[in-house]
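All ligand and atom numbering here is 1-based and tracks the order in the structure.
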Amino acid sequence: MDGRAEPRGLTEPLPGGTDVGSLRALARSLACEAGALVRDGRPERVEVAATKSNDVDPVTDMDRAVEELLRRRLAAERPDDAILGEEGDDTPGTSGLTWVLDPIDGTVNYVYGVASYAVSVAVVAGPVDPERWTALAGCVHSVVDGVTWTAARGQGAERDGRALRVSRPDSLARSLVGTGFGYVPERRARQGEVLARVLPRVRDIRRLGSAAIDLCLLAEGALDLYYERGLNPWDLAAGALVAAEAGAWVGGLHGRGPSSTMTVAGAAPVVEDLVRLLEEADADGPEPPVRGLAG
Ligand code: IPD
Ligand code: CA
């Protein structure tokens with residue numbers, strides 16, 4: 001498994017008369033401006049404005065305000081690009097580029113005041129599908145500590161300007177593995193079963209609550225491996241590019257690319273052992289109903 005299935009860099013001109021370096025700079029400035037809004041505007045007690053997939057999947061007024069800010073800025077700066085955001089309707093475009101926005105990744109942490117939440121901004125070319133798009137640039141801005149990870153296709157990944165390389169664990173048994181869980185009980189029940197297969201085989205597990213930050217921690221070697229089922233495109237768009245540009249293999253199971261079915265990341269060859277273990281555990285298999293669930 002190679003960290004990069006395609007050659008580094010894009011040789012052909014990008015649609016919309018731009019380059020990946022400018023897109024990276026724009027992603028960074030958008031994410032940092034949005035991050036300041038989240039940081040400065042967080043009330044002492046955060047109210048949940050609504051819920052989404054079920055009643056433990058929260059949306060706050062801040063999620064919506066941040067996405068509106070990002071959309072306003074993009075409409076002014078890149079009016080021909082499309083937008084896919086977690087909290088709004090899809091905005092079509094004509095340039096062939098799509099901005100993929102997660103206004104707050106780690107909303108549960110934001111609600112509770114746990115310090116791991118981020119603004120994630122990425123721009124992709126091609127179909128709006130993580131298995132098929134070409135991610136061009138992205139930024140994940142961790143709101144509480146201000147750490148900012150960026151990547152541009154073919155130009156590497158950085159944390160606050162410092163170039164990143166993934167760790168090279170010598171075995172699965174000595175790997176620190178990040179993961180996360182969905183909001184829906186059936187998915188969680190299955191994820192718990194898979195976790196029971198993974199946990200005895202690795203150094204330890206971390207569930208930090210923001211997939212975007214997890215992927216960036218992987219990029220800098222603070223996690224050795226990462227896997228999660230059920231990510232949305234906006235959860236992984238920027239973080240997966242940061243990880244890949246830091247040398248990670250990022251993919252799915254059974255030869256697939258990263259997707260909502262499964263996203264796995266880490267340095268070869270040990271990531272292959274994790275992929276094999278997840279395949280053996282049927283980690284992307286059926287999610288049977290959970291009996292005895294009451295309200
Ligand atoms: C969630 C976080 C979490 C992951 C969930 C995501 P949200 O995003 O990334 O770490 O485990 O799958 O849905 O809801 O906080 O934007
Ligand atoms: Ca998210």
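Of the options Asp105, Asp235, Val108, Thr107, the smallest heavy-atom separation from atom 9 (O) of ligand 1 is shown by Asp105. Among Tyr183, Tyr110, Tyr117, the residue whose heavy atom sits closest to atom 14 (O) of ligand 1 is Tyr183.
Between the Ca ion (ligand 2) and the N, O or S atoms of Asp102, the shortest distance is to OD2. For Asp235, the N/O/S atom at the shortest distance from the Ca ion (ligand 2) is named OD1. Closest approach between the Ca ion (ligand 2) and any N/O/S atom of Asp105 involves OD1.
Every atom of ligand 1 with a heavy atom of Gly209 under 4.0 Å away is listed here by number and element: 2 (C), 3 (C), 10 (O). Each of the atoms 5 (C), 11 (O), 12 (O) of ligand 1 lies under 4.0 Å from some heavy atom of Phe181. The Gly106 neighbourhood of ligand 1 comprises atoms 7 (P), 15 (O), 16 (O), with distances under 4.0 Å to a heavy atom of that residue. Every atom of ligand 1 with a heavy atom of Ile104 under 4.0 Å away is listed here by number and element: 16 (O). Within ligand 1, counting atoms from 1 as listed, the ones closer than 4.0 Å to a heavy atom of Gly180 are 11 (O).
The closest donor-acceptor contact from the side chain of Arg229 to the backbone of Met262 lies at 3.5 Å or more, if one exists at all. Judged purely by atom type and a 3.5 angstrom limit, Arg203 uses its side chain to pair as donor or acceptor with the backbone of Arg174. In this structure, the side chain of Glu67 does not engage the main chain of Asp102 through any donor-acceptor pair within 3.5 Å. Checking side-chain atoms of Asp204 against main-chain N and O of Leu176 turns up no donor-acceptor pair under 3.5 Å.
The pair Glu279-Arg276 does not meet the salt-bridge criterion, since no charged nitrogen lies less than 4.0 angstrom from a carboxylate oxygen. A salt bridge is absent between Glu87 and Arg64: the closest approach of a Lys/Arg side-chain nitrogen to an acidic carboxylate oxygen does not fall below 4.0 angstrom.
Residue contacts with ligand 1 include Arg207, since one or more of its heavy atoms lies under 4.0 Å from the ligand.
Enclosure of atom CG in Asp89 is not indicated, since only 12 or fewer non-hydrogen atoms of other residues, nucleotides or ligands lie within 6.0 angstrom.
Screening Val121, Ile83, Val124, Asn232 for a side chain to side chain contact (heavy atoms under 4.5 Å, CB included) with Val100, the sole residue that qualifies is Val124.
Taking only nitrogen or oxygen atoms, main chain and side chain alike, Leu231 does not reach within less than 3.5 Å of ligand 1. Ligand 1 has an N or O atom lying under 3.5 Å from an N or O atom of Glu86, backbone or side chain.
A donor-acceptor contact under 3.5 angstrom links the side chains of Arg71 and Thr91, judged on distance only. Side-chain contact of Thr107 with Asp63: a donor-acceptor pair under 3.5 Å is present, judged by distance alone.
In Asp102, the part holding a heavy atom less than 4.0 Å from any atom of ligand 1 is the side chain. With a 4.0 Å heavy-atom cut-off, ligand 1 is reached by the backbone of Ser210 but not by any atom from C-beta on.
The nearest protein atom to atom 5 (C) of ligand 1, hydrogens excluded, is given as Glu228 OE2, 3.4 Å; this is a heavy-atom distance.
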